[in-house]
Amino acid sequence: MADENVLLDSEMAELPDRVWAALESRYGKPLERVLNATGILLHTNLGRAPLPRAVARRLPVLLNAYCDLEFDLGSGKRVDRNYRAARLLEAISGAPAALVVNNNAAAMVLVLSVLAIGREVVVSRGELVEIGGSFRIPELLEATGCRLVEVGTTNRTGLADYEKAIGPDTALLLKVFPSNYRQAGYVASVSPAELVALGQSRGVPLLVDEGSGLLQAREQPQLREHPSFESLLGQGCDLVCGSADKLLGGPQAGLLVGDSGLVERCRHHPLYRALRPDRTALAALEGVLRMHLAGDPLPLDRMWPEEAEHRKRLEAVASRLGAAVVPADAFLGGGSAPDQPVPGQALALPDIPELAAALRTGAPPVVGYSRKGRFLLDLRTVEAQDDQALVAAVLAAFQKLGLEIPG
Ligand SMILES: *Cc1c(COP(=O)(O)O)cnc(C)c1O
């Protein structure tokens, strides 16, 4: 694979510089590898989860060739492109069936289209959230052609509210984990288990939008209260959906797991064709799911590094840059646990106004953040293998600005 990259680079190098300059001035630069030193693991503007290196390394051989995407090499027969990822998802989450689509929004659109077009979907008013960008739960429901039935109030919704709302036209109960905000104080909501019992007694299925793609529970304090696919399915939820590029650490994809009959109906709906993932996403997702199954460390684990080792790493980089090591909070990001910092340390540089811009436009670009008169670089979101490149980029930025190395 390294060979192929060299070939590509040399081919590119043959294009005269002025051709590249003209292309860039007209169309902008191509996507670039960025060092994320913000301490925000899932930074949507920086592409959310970085794929594990072991997974990314395998991708190029699949991309510039044919592959057995929908072809069983043993029998020579056509197979569903989803089956590998689906089996892995089922094994990890305990789901009876699974399906992968382009993103979590697509998973929701598919379920709503299959179960609830022209019919009623019951949602708590406390869960009619905006996830970011233009993704708002009520607008998604409307755009899909479902009738939204709001129950409860912004801060309190009880089981009786759902009971009263269910009628002959109710197609679905929807529970959304509003991962990007938290309510405190005089609040009440109905647990998935209670909604399962209600739904079963009234013959209405329950879809839970878990959001982050946390397949199995985690014991870190920031995630302890976050429901996992496994626990939600264990409580009897009919369907659970989430993103693959958040806490799971995979590519952009939507994960839908649950009842075999319902998942099959989604797979056979005409819209599935419009929402199905491409082979790049599937290859990456399968790789990440295999690592998950094998218990290998995933990008999420970088947020809780081994302390002594991380300290050594910080000090090594700090000494090259004349930086201080100061307490700093990191965040999971991607709308996950927004009020739950991961305490630790970061490198502190003087907060010179031009420094952030020089770093962003350097090679490789480095993104850090200003806090209380200092410019911080958090190494928890930088792979240790990139430390040298980070040091070189910061030194180059100092030089560009004519700055002495501080310290
Ligand atoms: C992120 C998120 C979504 C949207 O997921 P995409 O994969 O970006 O489409 C929907 N619901 C919840 C609760 C989320 O956290």
Side-chain angles (χ1 to χ4, degrees), residues 40-51 85 89 98-113 116 121 123-144 146 148 157 172-183 189 192 195 206-215 218 222-223 225-229 231-232 237 239-258 266 271-272 274-278 280-282 284-285 288-289 299-300 331-340:
I40 298 170
L41 181 70
L42 306 170
H43 201 301
T44 298
N45 303 151
L46 298 179
R48 282 200 189 152
L51 282 181
L89 278 169
L99 188 67
V100 181
V101 287
N102 271 327
N103 51 33
N104 188 24
M108 295 184 76
V109 165
L110 188 57
V111 173
L112 293 170
S113 302
V121 178
V123 195
S124 160
R125 288 199 169 92
E127 296 171 11
L128 293 173
V129 295
E130 173 175 316
I131 304 299
S134 55
F135 185 100
R136 291 174 158 182
I137 296 289
E139 291 173 9
L140 183 87
L141 282 166
E142 246 162 73
T144 314
C146 309
L148 168 64
T157 303
L172 186 68
L173 302 178
L174 172 62
K175 182 161 182 70
V176 180
F177 275 97
S179 40
N180 59 2
Y181 91 118
R182 198 177 304 274
Q183 293 191 326
S189 63
L195 285 180
L206 168 68
L207 166 66
V208 176
D209 175 16
E210 174 275 343
S212 310
L214 188 71
L215 299 183
R218 287 271 190 157
Q222 293 80 7
L223 291 173
E225 284 174 21
H226 195 102
S228 68
F229 274 41
S231 71
L232 291 166
C237 299
L239 290 168
V240 179
C241 64
S243 298
D245 56 353
K246 291 185 182 169
L247 296 177
L248 175 64
Q252 182 188 303
L255 312 172
L256 176 65
V257 303
C266 290
L271 255 187
Y272 167 65
L275 306 175
R276 70 179 188 178
D278 78 314
T280 321
L282 281 171
L285 179 61
V288 172
L289 291 174
L300 180 59
F331 290 89
L332 294 173
S336 309
D339 59 346
Q340 308 236 25

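First listed ligand is number 1; within each ligand, the first listed atom is number 1.
Judged by distance alone, the side chain of Ser124 and the main-chain N or O of Gly126 form a donor-acceptor pair under 3.5 Å.
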Side chains of residues 102-113: which donor-acceptor pairs under 3.5 Å do they make with residues two or more places apart or in other chains?
from, atom 1, to, atom 2, distance (Å)
Asn102, ND2, Leu275, O, 3.4
Asn103, OD1, Ala105, N, 3.4
Asn103, OD1, Ala106, N, 2.8
Asn104, OD1, Gly242, N, 3.3
Asn104, ND2, Asp209, OD1, 2.9
Ser113, OG, Val109, O, 2.6

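Taking His226 as the reference, Glu210 meet the side-chain hydrogen bond (donor to acceptor under 3.5 Å, both in side chains) condition, with sequence neighbours excluded. Partners of Thr144 under the side-chain hydrogen bond (donor to acceptor under 3.5 Å, both in side chains) rule, at least two apart in sequence or in another chain, do not exist in this structure.
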What are the distances between nitrogen or oxygen atoms of ligand 1 and protein nitrogen or oxygen atoms, counting only those under 3.5 Å?
from, atom 1, to, atom 2, distance (Å)
ligand 1, 5 (O), Ser243, OG, 3.0
ligand 1, 7 (O), Asn104, N, 2.9
ligand 1, 7 (O), Ser243, OG, 2.6
ligand 1, 8 (O), Arg48, NH1, 3.1
ligand 1, 8 (O), Arg48, NH2, 3.0
ligand 1, 9 (O), Asn104, N, 3.3
ligand 1, 9 (O), Ala105, N, 2.9
ligand 1, 11 (N), Asn104, ND2, 3.4
ligand 1, 11 (N), Asp209, OD1, 3.3
ligand 1, 11 (N), Asp209, OD2, 2.5
ligand 1, 15 (O), Ser179, OG, 3.2
ligand 1, 15 (O), Lys246, NZ, 2.7

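The minimum heavy-atom distance linking Ala281 with Gln252 is given by the pair CB-O, 3.9 Å. Closest heavy-atom contact between Val100 and Ala253: CG1-CB, 3.9 Å.
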